[in-house]
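Let me begin by presenting the structure, written as structure tokens, before commenting on it.
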Amino acid sequence: QKEVEQDPGPLSVPEGAIVSLNCTYSNSAFQYFMWYRQYSRKGPELLMYTYSSGNKEDGRFTAQVDKSSKYISLFIRDSQPSDSATYLCAITNAGKSTFGDGTTLTVKP
Amino acid sequence: GAGVSQSPSNKVTEKGKDVELRCDPISGHTALYWYRQSLGQGLEFLIYFQGNSAPDKSGLPSDRFSAERTGGSVSTLTIQRTQQEDSAVYLCASSLGGSREQYFGPGTRLTVT
């Protein structure tokens, strides 16, 4: 079993939809929780970063962490075609990050 | 300021040849990471440098892979006697500290023929 499991997708939604992207993890020692966005043929770029349970909001994006369930989510409100990308969760312990395999999202105009 | 840069952007090599991939991290970042991403796959951790500490090499897939970081800045990933299964995008990232958000370079796309 992988340390970080991510819903595989792909996901296709109409413009304006609410998107939910999810990961589970097995190691309770994980301390930091990140979401990266990766456009085709580019390196990942950090979207959200949190270290505590609860919600963190940044514009149309909300990161949710539930440490008791070892479950993290990224919600995208009012999705736009420009949000079409692969989204990677990453969880860090002792300086080392473990990434999910990514969920590819397509937002159709 | 400048982000993480990697060179070359693309590399095609014949099976059995050695290759060197370069990473220039963001100035002042103490941590540097190498990952491998195969087509349609997530990021596979290879190696992690943090300051002057011994690197964490636990992700290197074989002894054909090695990396060094000179002067706490530029890093080179070397793959000896390349195999076709080494074909992938090799990504470098740097961060201010070991548990901070990572900033990625654009990657080097390696193709072994």
Side-chain angles (χ1 to χ4, degrees), chain A residues 1-11 21-25 27 29-52 56 58 61 63 65 72 74 85-106, chain B residues 2-7 9-10 21 23-26 29-60 69 88-111:
Chain A
Q1 185 188 2
K2 291 183 179 180
E3 282 193 300
V4 178
E5 298 272 5
Q6 183 166 1
D7 288 354
L11 209 52
L21 303 165
N22 307 293
C23 290
T24 57
Y25 61 95
N27 186 350
F30 282 133
Q31 299 169 307
Y32 298 88
F33 307 90
M34 293 118 172
W35 285 95
Y36 288 83
R37 177 175 61 196
Q38 185 175 24
Y39 291 114
S40 182
R41 302 182 82 88
K42 302 283 188 186
E45 57 177 335
L46 182 70
L47 269 180
M48 304 279 291
Y49 165 57
T50 185
Y51 56 86
S52 58
K56 181 176 181 180
D58 184 1
F61 298 88
V65 175
I72 68 171
L74 178 71
T86 297
Y87 291 80
L88 299 151
C89 63
I91 310 179
T92 301
N93 179 44
K96 210 163 91 178
S97 292
T98 303
F99 285 78
D101 285 344
T103 302
T104 298
L105 170 68
T106 301
Chain B
V4 177
S5 61
Q6 292 186 246
S7 60
S9 54
N10 284 283
L21 312 179
C23 173
D24 281 273
I26 294 172
H29 280 194
T30 58
L32 186 147
Y33 310 78
W34 282 99
Y35 296 91
R36 179 168 69 176
Q37 188 173 34
S38 301
L39 187 63
Q41 301 294 310
L43 273 67
E44 176 188 3
F45 167 79
L46 296 177
I47 189 168
Y48 160 47
F49 296 89
Q50 171 57 50
N52 295 320
S53 303
D56 179 346
K57 303 179 182 180
S58 59
L60 294 178
R69 187 178 185 192
V89 176
Y90 289 82
L91 289 159
C92 173
S94 69
S95 71
L96 271 173
S99 297
R100 304 286 188 93
E101 55 268 38
Q102 297 175 27
Y103 294 83
F104 282 83
T108 293
R109 185 172 299 273
L110 175 67
T111 303

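Because the structure is predicted, anything quoted here is derived from the model rather than measured. Letters go in sequence order (proteins before strands), and every chain restarts at 1.
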Taking side chain as everything from C-beta outward and backbone as N, CA, C, O, which of these in [X] sits under 4.5 Å from a heavy atom of chain A? Side chain, backbone, both or neither.
{"X": "Leu91(B)", "result": "side chain"}
{"X": "Gln37(B)", "result": "side chain"}
{"X": "Tyr103(B)", "result": "neither"}

Between [X] and [Y], which heavy-atom pair has the shortest distance, and what is it?
{"X": "Ala2(B)", "Y": "Ile26(B)", "result": "O-CG1, 3.8 Å"}
{"X": "Tyr35(B)", "Y": "Phe99(A)", "result": "OH-CE1, 3.5 Å"}
{"X": "Gly107(B)", "Y": "Gln6(B)", "result": "N-OE1, 2.9 Å"}

- prompt: Given the options Gly43(A), Pro44(A), Gly102(A), which has more heavy-atom pairs under 4.5 Å with chain B than any of the others?
  reply: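 Among Gly43(A), Pro44(A), Gly102(A), the one with the most close pairs to chain B is Pro44(A).
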- request: May I ask you to decide if Asp56(B)'s main-chain N or O and Gln50(B)'s side chain share a donor-acceptor pair within less than 3.5 Å?
  value: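 Side chain of Gln50(B) to backbone of Asp56(B): no pair is present.
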task: Name the region of Tyr51(A), side chain, backbone, both or neither, that has any atom closer than 4.5 Å to a heavy atom of chain B.
output: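 Looking at Tyr51(A), nothing touches chain B.
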task: Pick one of side chain, backbone, both or neither for Gln6(A), based on which atoms fall under 4.5 Å of a heavy atom in chain B.
output: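 Interface part for Gln6(A): neither.
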message: Ser40(A): which residues meet the side-chain hydrogen bond (donor to acceptor under 3.5 Å, both in side chains) condition with it, sequence neighbours left out?
response: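 In terms of side-chain hydrogen bond (donor to acceptor under 3.5 Å, both in side chains), with neighbours along the sequence ignored, Ser40(A) is linked to no residue.
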